[in-house]
Amino acid sequence: MAFISTFFCLLLLISIALALVTQDTVFDVELVHCDSPKSPLYNSTMTPFDRLQADVVRSVNRASYLDKRIDMKTSIDIEVGLSNDDAEYFMGFKIGTPNTQSMLGIVDTGSGLTWVNSVGCKCFKKKNTILFNPNASLSYKKLSCLSDECKSFSLAHCNFNRLCQSRVAYDDGSNNIRNFILGNLQFHLNSIIGLGPRSPSLIQQLAPKYISKYFSYCLDMLHSGANNRLFLGRGKQTITGKTTVTPLLTQDGFYAVQLHTILIPGEFNILLTRSKLTAGNIIFDSSTVMTFLDTQVLNQLVRELTNYVSLPIVKTGDYKLCFNVSSTVQEEQLPRVLFSFDGTLGNFKVSPYNLFRWYSADVKCMVILGTIGIQIIGNTMQEDLLVGHDLDNMELTIIEKKCTELYNP
């Protein structure tokens, strides 16, 4: 059933307290995973198998969203909607003046806009939906289409009242009007929606006045604790660990990299040749759970790992490759696979944990799905790593560092 929802899209004016910080300041943000008890989507009755299946559904939905966004690249005033049910990580924030209103937003590295559902709109009805009341905020102000801010937004246009707006089409055929507004954002728990490379994402608004144009995150494999963190800005501290560095590319508002081969040295070497992208060949995304590889590449990888790993194969209807793993000794036989990205420091060894997850009590499956569309490095492959996006030098860095070692409340 089609839904129609109206969003007030915020051009966020940073609260006055931020004027006191230096560019080296790092804002440390807690991320709430959708399966955490802190999440509005948390379901205590779900088993690990249920959550794994839900991961697949969210991943497929997200991959479809990315595909449609790329396919619609010639229509810059249209953007496919992202459902709250497909959220991976949330951040809490406060907005408004003088009485701040607590909100919860979806973190999305593929979005350049930050918006909130507002009171009085024809919104889709969702349990635990938090609505922003613009009438309760003195800092709320609709943005004129004659303003420099509006002119800088590729998605914006003038309405008949000469206000800055954008029209957004959804994949179910519905659409809505979103007003760009000015407002104050309180960094109580520093939080955003859009972390994409294009203005007016929050990272673009904060840099270079308040922080360097850099952000990083660490996604804790346990999800439930406070170790899922986002860091806005670079800071002066030095993080040590095995580091992968590869050129960071952008296409249609997404971050992408160039993946050359997937291999186990001396055993096999799979070359990636096909891609729907023109900048790089695989999107690096924090909001997709599973990794997606071209179906031909995935089939070859499955064949090579089947021959390489001496564990019993288990057939399931959901995953391309599953092994019977009934002991610690058997679990240690699961391989590390090298993903070779562009650059002299582009080799990234993916651990068995980031490649395989428990399907049942004694079965582990490779959490890579096949696609004929956009290839994606999902967040499962990024867990317990510090992943940095350097928008000044256009580099992606991956440091092998457990989240608990970076932040331990």
If we ignore angles and hydrogens, is there a donor and acceptor under 3.5 Å between the side chains of Asp50 and Thr47?
yes
Would Asp55 and Arg58 count as a salt bridge (charged side-chain N to carboxylate O under 4.0 Å, His left out) if you check the C-alpha gap in whole Å, the side-chain angles of each, and the deciding distance to 0.1 Å?
CA-CA 5 Å; Asp55 287 345; Arg58 291 200 307 277; 2.6 Å; yes
Side chains of Gln251 and Thr278: do they bring a donor and an acceptor to under 3.5 Å?
yes
Expected output: side-chain Asn281 to main-chain Leu277 donor-acceptor under 3.5 Å:
no
Val289 and Val367: side chain to side chain contact (heavy atoms under 4.5 Å, CB included), yes or no, with the steps?
CA-CA 9 Å; Val289 189; Val367 285; over 6 Å; no
Ion pair present between Glu88 and Arg62, side-chain N to carboxylate O less than 4.0 angstrom?
no
Would Ile203 and Ile211 count as a side chain to side chain contact (heavy atoms under 4.5 Å, CB included) if you check the C-alpha gap in whole Å, the side-chain angles of each, and the deciding distance to 0.1 Å?
CA-CA 8 Å; Ile203 193 67; Ile211 62 172; 3.6 Å; yes
Mind checking the OG1-CZ spacing from Thr261 to Phe341? Nearest 0.5 Å is all I need.
10.0 Å
Has the side chain of Ser216 got a donor or acceptor atom that lies under 3.5 Å from a matching backbone atom of Gly388?
no
Closest contact, heavy atoms only, Arg336 versus Ile264:
O-CG1, 3.8 Å
Heavy-atom side-chain proximity of Leu385 to Glu400 below 4.5 angstrom
yes
Establish, from distance only, whether the side-chain atoms of Ser326 and Gln330 form a donor-acceptor pair under 3.5 Å.
yes
Decide yes or no for Asp71 and Lys276: does some side-chain heavy atom of the first lie under 4.5 Å from some side-chain heavy atom of the second?
yes
Return yes if some donor-acceptor pair links the side-chain N/O of Asp285 with the main-chain N/O of Gly378 below 3.5 Å, else return no.
no
Taking every non-hydrogen atom, the tightest pair across Gly241 and Thr243:
O-OG1, 2.8 Å
Residue pairs passing the salt bridge (Lys or Arg N to Asp or Glu O under 4.0 Å) test with at least one member in residues 365-383, sequence neighbours excluded, are Arg357-Glu383
Looking only at the side chains, is there a donor atom on one of Ser310 and Gln333 sitting less than 3.5 Å from an acceptor on the other?
yes
Can you name the closest pair of heavy atoms from Leu52 and Tyr359 and give their distance?
CD2-CA, 4.0 Å
For residues 271-371, the disulfide bond (SG atoms under 2.5 Å apart) pairs (sequence neighbours left out) are Cys322-Cys365
For Thr109 and Phe215, run side chain to side chain contact (heavy atoms under 4.5 Å, CB included): C-alpha distance rounded to whole Å, both residues' side-chain angles, the deciding distance at 0.1 Å, then the answer.
CA-CA 10 Å; Thr109 55; Phe215 71 91; 4.2 Å; yes
